[in-house]
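Read the structure below first, then the notes.
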Amino acid sequence: MKKRVGILISGRGSNMVSLIVAAQAHDYPAEIACVLSNRPKAEGLKKADAQGVPTAAIDHKTFSGREAFEAELHSALKSFDVDLVACAGFMRLMTPDFVELWRDKMLNIHPSLLPAFKGLDTHARALAAGVKVAGCTVHVVRPQMDDGPIIAQAAVPVLEADTADTLAARVLEAEHQLYPHALALVASGTVRIEGERVLGAPAPASSAGPLIWPPPV
Ligand code: GRF
């Protein structure tokens with residue numbers, strides 16, 4: 001049985017589209033049940049509509065507080081019979097109670113190699129720190145922001161000419177490959193969460209080798 005996934009967005013929704021497209025494959029272990037946005041004008045809602053995925057806007061500004069907003073979000077996810085939640089550029093902090101309701105069933109993508117560079121402006125901070133390799137992480141959501149068991153990561157080189165925008169674009173391309181892969185690992189039951197680690201992903205027969213950057217000549 002395919003897992004039913006609810007995607008939470010706040011904006012552009014490019015990761016959301018990558019999940020929707022991946023889930024159109026007949027052998028993908030998850031189907032996208034709904035896309036919910038806390039911003040009624042999020043561009044991603046139109047993109048989900050165009051793909052024929054049910055959408056709903058739950059505007060956080062119309063609720064008395066975080067708990068009331070989350071109660072509505074939770075009941076919407078339940079009404080779509082969701083098994084797993086995939087946050088994809090969802091820009092609301094969640095209460096520990098809400099996170100607990102979806103414990104080990106809620107995923108997030110963050111554009112850094114966690115635990116480095118949690119929070120906003122990750123690319124500018126990575127450039128300022130002078131790192132040579134950047135990347136992205138899909139992890140299980142825990143109450144602390146950008147924290148939780150790591151499911152999968154992708155690394156990309158940082159180029160000397162990079163600006164925060166060019167680095168963000170390179171990382172975003174990696175995100176679009178990583179998120180469908182990580183969601184499939186969880187939805188298929190290939191990996192399991194043991195404490196704060198995610199275990200069980202099959203090792204490839206041969207490794208592609210390390211990403212060394214700058215490369216040896
Ligand atoms: C992505 O970089 C994601 O990692 C971060 O927010 C951005 C959302 O982009 N959490 P999009 O809405 O998926 O295009």
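Only heavy atoms go into these numbers, but all of them, side chains included; no hydrogens, no water, no symmetry mates. Counting convention: from 1, in listed order, for ligands and their atoms alike. For clarity, every value in this text was computed on a predicted model and none was experimentally measured.
- The closest protein non-hydrogen atom to atom 10 (N) of ligand 1 is I109 O, 3.1 Å.
- A heavy-atom distance below 4.5 Å is not found between the side chains of L36 and I7.
- Residues passing the side-chain hydrogen bond (donor to acceptor under 3.5 Å, both in side chains) test with H181, sequence neighbours excluded: none.
- The aromatic rings of F90 and F69 lie parallel to each other, with less than 30° between the two planes, well short of the 60° mark.
- Within the set H123, H110, R12, the minimum heavy-atom distance to atom 7 (C) of ligand 1 is found for R12.
- Every pair passing salt bridge (charged side-chain N to carboxylate O under 4.0 Å, His left out) that includes a residue from residues 183-200 is listed here, sequence neighbours excluded: R142-E196, R192-E194.
- In terms of protein heavy-atom proximity, atom 6 (O) of ligand 1 is nearest to G89 CA, 3.7 Å.
- Other residues, nucleotides and ligands contribute over 12 non-hydrogen atoms within 6.0 Å of the CD atom of E72.
- Taking atom 12 (O) of ligand 1 as the reference point, the nearest protein heavy-atom neighbour is G13 N, 2.8 Å.
- When only modelled atom types and interatomic distance are considered, H110 and T122 share no side-chain donor-acceptor pair under 3.5 Å.
- For ligand 1, the polar-atom distance check finds no N/O of M16 at less than 3.5 Å from any of the ligand's N/O atoms.
- Nearest protein heavy-atom neighbour of atom 11 (P) of ligand 1: S14 N, 3.4 Å.
- Put simply, no part of G44 is less than 4.0 Å from ligand 1, judged by heavy atoms.
- Of the options E175, K47, E43, the smallest heavy-atom separation from atom 2 (O) of ligand 1 is shown by E175.
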